2 protein chains.
Amino acid sequence: MTQAERRHQTRQALLEAARSRMDAGESFDSLSLRSVARAAGVVPAAFYRHFASMDELGLALVDESFLSLRSMLRRAREDGLPPEHIVHRSVEILVEHVLAHRQHFAFVAGARSSGNGVLRHAIRNEIRLFTSELATDLARFPILREWTTEDLQMLAGLLVNSMIAIIEAILELPTSGPAGDPRPEALKEFVRLAEKQLRLPLLGVPSWRSIGVKETPAG
Amino acid sequence: MTQAERRHQTRQALLEAARSRMDAGESFDSLSLRSVARAAGVVPAAFYRHFASMDELGLALVDESFLSLRSMLRRAREDGLPPEHIVHRSVEILVEHVLAHRQHFAFVAGARSSGNGVLRHAIRNEIRLFTSELATDLARFPILREWTTEDLQMLAGLLVNSMIAIIEAILELPTSGPAGDPRPEALKEFVRLAEKQLRLPLLGVPSWRSIGVKETPAG
DNA sequence: CGACATAGTGTACAATTGTTCACTAATTCG
DNA sequence: CGAATTAGTGAACAATTGTACACTATGTCG
């Protein structure tokens, strides 16, 4: 095996160790450098060949996770957009994606409120960016043509907040085994709820009037 | 000083130590029994005179926090309900209350996704209970008379999710000093956003039709 | 081949942790 | 008063932690 391959392999083992322990319910702060190295089958000192600290390991996981999340957004965008089934389809994709990349979302959900300030800020920025992207996507819908940028950001923020809540709920859904998916019936039930929670605010869109905001011609 | 007073005092010192360290950004998992005792000005062994473990200390903080939160709900309910200003007033009360009880909310926000399963579940249950109470409150509004119980729970869940997001955002608002409130202007700005995010879903209420649910006469 | 680079090893060290145990000092109460 | 209860002390323990350093083995490449 080539040297680069070995290197990449243990690096992945370290990331995997951290990811899977967080998926098992531990917080990022409770992960010690030593325990991660141990779980990766490597001696503590070897950890430093790949990351200068646990912070760096965490940031690498943030990158991984949001890369995966972006691939989801792309998929949803390219999926063709039947105008009325868009919410249903989006929730379907979301649930599917979260279950398929469970560890990534479990990591982000856990590290988002961790004691590690570096990670918290990194994740907060990624979410902000993600929200802005969603806002520009929303701007393309005819119904939202006349909305101010501020209101679009508000709507995107609202949807992202719901998305986060939904994701956290998915991760907490009872599973058959420690490594299994939730029961399909419970999942269907949950999807219905999530759909409703996303649909209700959208029903408010047609009657929305930007209130308390003076719309100036150029910013 | 009476013995009971002394006891109560160091107990409070222990709770305060944990609370304030979490408000400063540390996670519950990173609080060691020793460090909490140290911050409370007490020797580690003395900790055990009050709590059998950090878990118990955490549960006591959960009680404290949700007691405070309930007092907020009561206040909002008794505040008299001018039907159109209700959202505005609720947000005002919420912001005021979070700033006044910052430590409690910081604790809950942090422990909600901590690695400590006991705390996570305790908090999740409290939030569920809180959501149900809100749902029965909502049921009293004439516009929601015909809504199914399920849809009311859905709406309450949606509002609670937004509330949680708003609370977390308040806690992250930049403050002047380490112990100061956010700048009033930034706060006003933020309140406007929060109001909008709560108002939009409510605008959807009149056009809501329970979809995909067969309403059976008795459950 | 042979010198070099480097991923991973093994050992060591000081710090901090949770828990225990015998203790002291002070309040409570018969 | 005087005995009993009890909040808090101080020392001790085994375990675990992050980091450092000299090392070995094994691919890389001139």
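Labels below follow one simple rule: chain letters A, B, ... track the order of the sequence lines, proteins then strands, and each chain is numbered from 1. Computed from a predicted model, the values in this text were never measured in an experiment.
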We want to know whether [X] and [Y] form a side-chain donor-acceptor pair, criterion being a heavy-atom distance below 3.5 angstrom.
X	Y	result
A:R49	A:T10	no
B:D55	B:N116	yes
A:D29	B:S27	yes

Rounded to whole angstrom units, what separation is found between the [atom1] atom of [X] and the [atom2] atom of [N]?
X	N	atom1	atom2	value
B:Y48	C:dT17	OH	P	12 Å
B:Q3	C:dA26	CD	C1'	8 Å
A:M1	C:dA7	CE	P	15 Å
B:M54	C:dT19	CE	C1'	15 Å
A:F47	D:dT19	CZ	C1'	12 Å
A:R49	C:dA7	CZ	P	6 Å
A:R34	D:dA20	CZ	P	13 Å
A:L14	C:dA7	CG	C1'	12 Å

For [N], does OP1 or OP2 lie under 4.0 Å from any side-chain N or O of [X]?
X	N	result
B:S53	C:dG18	no
B:S35	C:dT16	no
A:T10	C:dG8	yes
A:R7	D:dT26	no
B:H8	D:dA7	no
A:S32	D:dT17	yes

For the base of C:dT6, is there a side-chain donor-acceptor partner from A:R6 under 3.5 Å away? no
Apply side chain to side chain contact (heavy atoms under 4.5 Å, CB included) to the pair B:R19 and B:Q12, showing each step before the final yes or no. CA-CA 10 Å; B:R19 248 189 276 123; B:Q12 287 307 314; 4.0 Å; yes
Quick one: on DNA chain D, does B:H50 or A:A4 contact a more 5' nucleotide (nearest heavy atom)? B:H50
If you only use heavy atoms from C-beta on, which nucleotide in D:dT26, D:dG8, C:dT9 is closest to the side chain of A:A46? C:dT9
Considering only C:dT20, D:dG27, C:dA12, which nucleotide approaches the side chain of B:A45 most closely? C:dT20
Considering every strand and a 4.0 Å limit on heavy-atom distances, what is the contact class for B:V43: base, sugar-phosphate, or nothing? base
Test side chain to side chain contact (heavy atoms under 4.5 Å, CB included) applied to A:E5 and A:H8, step by step: CA-CA 5 Å; A:E5 277 172 345; A:H8 181 259; 5.8 Å; no
5' priority, DNA chain C, between B:R38 and B:T2 [closest heavy atom]: B:R38
